[in-house]
Novice: 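My questions all concern the structure below.
Reminder, nothing fancy here: chain letters follow the sequence lines and each chain counts from 1.
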Amino acid sequence: MTPPAHTPPPTRIPLTDATLGHLVTVAAVQTPAGAPEWAGQLCDLGFVPGEPVRLMARGLGGDPLVVRVGHSTYALRRAEAACVWVVSEAAPRG
Amino acid sequence: MAEAVIHVHPAGPVLALVGNPNCGKTALFNALTGSRQKVANYAGVTVERKEGRLLSAAGKVLRLLDLPGTYSLHPRSPDERVTRDVLYGQAPGEKRPDLVVCVVDATNLRRNLKLVLAVRRLGLPAVVVLNMADLAEARGLVIDTQALSRELGLPVVRTVATRGTGTEALRALLDDTRTWQGHGPVPTPAALAAATPDDDAGDHHTVSQILQRLGLDAALPQLASDRIDRVVLHPVAGPVLLAVLLFLIFQAVFAWAAAPMEAIKAGTEAVGAAITATLPGHGLWRWVSSLLVDGVIAGAGGVLVFLPQIVILFFFILVLEESGYLPRAAFLLDRLMGSVGLSGRSFIPLLSSFACAIPGIMAARTIGNPRDRLVTIMVAPLMTCSARLPVYALVIGAFIPQRRVVGGFELQGLVLFLLYASGIAGALVVAWVLKRLTAHGQVRALMMELPAYHLPTVRNIALGLWQRVRIFLRRVGGVILVLTVALWALASFPTPPEGATRAAIEYSAAGQLGHLLSHLFEPIGFNWQISIALVPGLAAREVLVSSLGTVYALSGTASDAATALVPIISSTWSLATALSLLAWFVFAPQCLSTLAAVRRETGGWAMPAAMALYLFVLAYAASFITYRLALAAGLG
């Protein structure tokens, strides 16, 4: 009898590493020490745990990024987008 | 006995328009007030204050205040701070609004409703305007206005501000006394200040539940805007498209403005000639005539002639702004701007500075980061403003041969392009130096919304243009006129003694100053004529051309002066001097009108003084190097 397939927990990655065009969900918003006000600002824009997020475009060299959260589209600097940790469901292994 | 300041406000209830940026608030404001708007400044800050008169359905006169757009009542920039202060009743000189009109973008409820909840907590009477209802319906979002009203506990009006739909219903609502009643006790400012981040999380949760109950929480499908953005934001196609657009805009600005500018020049000359003809030419009248013609008309008229270029440039900027393209341009340029310590938002102020630095410096108010704003203001004058063009045209016309060079380019056009490029390069270098000195590893925020594309409305563009024209005309009628008259006085008095052989201007205060300055300018190759002409040129850069005309004792109109000057200077100046003057004008530190604008925008003399100093140093250095190199190359 084969053991049941073990689905790994969804991996958390920073938004900057998400695949272009894929729908991911916000898991947490962490702010760097140098910019404590970013937490509130990102929350105001709609980056709250549970929100669907899509990476729409990357600028030259990966900075800045165009991100869609909820129904709004924003241009974020790489450092800002790196604060947003998203859940990208890992494919279950069968 | 303690004193208190009492603010006396004009009569009438005050309504405030509040909403996220890009929710169509301004379109609604325009639709409700028409042209009955007044644009000014909030006390103590350089944030634009827009107030208009609004008539309710029954004809009651109300005051409507268009507050700067904000995402929440936690301000991120001076603009947003003003909105919060006005709503809290803490803005100096502002009455707390009697009713808050929350404008909500129907296609973006999730984010917009959070602000509504925050406003509702203020306890002020409020009304919700569901704007862009047509766009929402086009996307298949069916919003039950009654249900939303029940959820929020506030009246909701559905509008399409760009078409004026729904404004009647809003006006009727303003006659209903129930609308003007608040909801419960109004919290004190102290209690409001203690609002915690938990409120925000709570708001987000509440909004999610409201949307769920209304059946509006589905994820959004692909929009037409996304398809357009695939090209516009493409790493290669994007910048190319931007470059082509900018090139076309510049072509249009110069080509389309040519005829109106000629018309204005002809008009001012006609007025000048009429005055000279009608006023008696003796005694005191001579001075009055000279003041009006050589002072007011020549000086202020010299700046007014750039109005067509400013109008055309702002037309394009407004179209790009209304259509939603500008944030994309800022996105594409952000990398380049960021590398020299500027923000992507500096793009618009710097673009405006190509017509005239004054509106560009005023446009820097939209930059939230104070350091970025200051740097943008400091480098704005380096963008080759239109005032430099007459000087460039004169010197290039006199010294650069009309010849075709490699690639089929006209040599004269190439030199002009080089001068423009030097200005931009200079600005980038200065910004970079300022970054090294001041930024200290500061990580700058961007967080800029890219709104959906939509077709600009003629009405909004017309109103926007009209407002900017009025602001520019006020400047010309104000500071520039005063400066021009002052300089005219300097250039006319003292009068030449009997039997004077040289041009009248040489005996005046300006002339003596110019002779003094010529010692300073000798190392960079400026002769005394140029040195004298630079003094009246303090009012506005292009006045140099007419001043040179005066110095070489030419009579006749300004355009006559320019054409007559070409053979004179090409035979009396050396090529080295000409090149040195061009190099000086790339930096052209002497525009007092720009410095006056900087003083107004920064609220003090430190920044204009610093600007004058650094521009002077750079101009002198550039002229010096150019002159010495040219001499060494045998062009003296």
Novice: Which pair of heavy atoms, one from His204(B) and one from Gly46(A), lies closest together, and at what distance?
Specialist: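 Closest approach of His204(B) to Gly46(A), heavy atoms only: CE1-O, 4.5 Å.
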Novice: Tell me, for Leu20(A) versus chain B, whether the close heavy atoms (under 4.5 Å) come from the side chain, the backbone, both or neither.
Specialist: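 For Leu20(A), there is no contact with chain B at all, as no heavy atom is under 4.5 Å.
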Novice: What are the two closest non-hydrogen atoms of Leu450(B) and Ala75(A), and how far apart are they?
Specialist: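 Answer, listing the atom of Leu450(B) first, then Ala75(A): CG-N, 4.2 Å.
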Novice: At what distance, to the nearest 0.5 angstrom, does NE2 of His234(B) lie from CZ of Arg58(A)?
Specialist: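 Separation between the atoms: 13.5 Å.
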Novice: Identify which of Lys114(B), Met447(B), Arg111(B) forms the greatest number of heavy-atom pairs closer than 4.5 Å to chain A.
Specialist: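 Looking at each of Lys114(B), Met447(B), Arg111(B) in turn, Met447(B) comes out on top.
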Novice: How long is the straight-line distance from CG of Asn22(B) back to OG of Ser72(A), given to the nearest 0.5 Å?
Specialist: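 Answer for the OG-CG pair, Ser72(A) versus Asn22(B), is 10.0 Å.
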Novice: Quick check: closest heavy atoms across Asp44(A) and Tyr71(B), and the distance to 0.1 Å?
Specialist: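 Smallest heavy-atom distance, with atoms named: CB-CB, 4.2 Å.
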Novice: Using the side chain to side chain contact (heavy atoms under 4.5 Å, CB included) criterion, which residues pair with Leu73(B)? Sequence neighbours excluded.
Specialist: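 Result, side chain to side chain contact (heavy atoms under 4.5 Å, CB included) vs Leu73(B): Arg84(B), Leu87(B), Tyr88(B), Leu115(B), Ala118(B), Leu122(B).
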Novice: When you compare the side chain of Arg77(A) with that of Asp334(B), does any pair of heavy atoms fall below 4.5 Å?
Specialist: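 In contact.
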Novice: In sequence, state the C-alpha distance, the side-chain angles, and the governing distance for Leu76(A) and Met448(B), and then conclude on side chain to side chain contact (heavy atoms under 4.5 Å, CB included).
Specialist: CA-CA 7 Å; Leu76(A) 294 179; Met448(B) 184 178 59; over 6 Å; no
Novice: Measure the spacing between CG of Asp229(B) and CE of Met56(A) and express it to the nearest 0.5 Å.
Specialist: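 Spacing of CG (Asp229(B)) from CE (Met56(A)) equals 7.0 Å.
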Novice: Residues two or more places apart in sequence or in another chain: which of them pass side chain to side chain contact (heavy atoms under 4.5 Å, CB included) with Pro349(B)?
Specialist: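 Testing Pro349(B) for side chain to side chain contact (heavy atoms under 4.5 Å, CB included), a comparison that skips the adjacent residues, returns Ala363(B), Ala364(B), Ile367(B), Thr376(B).
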Novice: What is the distance from atom NE2 of His74(B) to atom CD of Gln41(A), rounded to the nearest 0.5 Å?
Specialist: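 Going from the NE2 atom of His74(B) to the CD atom of Gln41(A) covers 11.0 Å.
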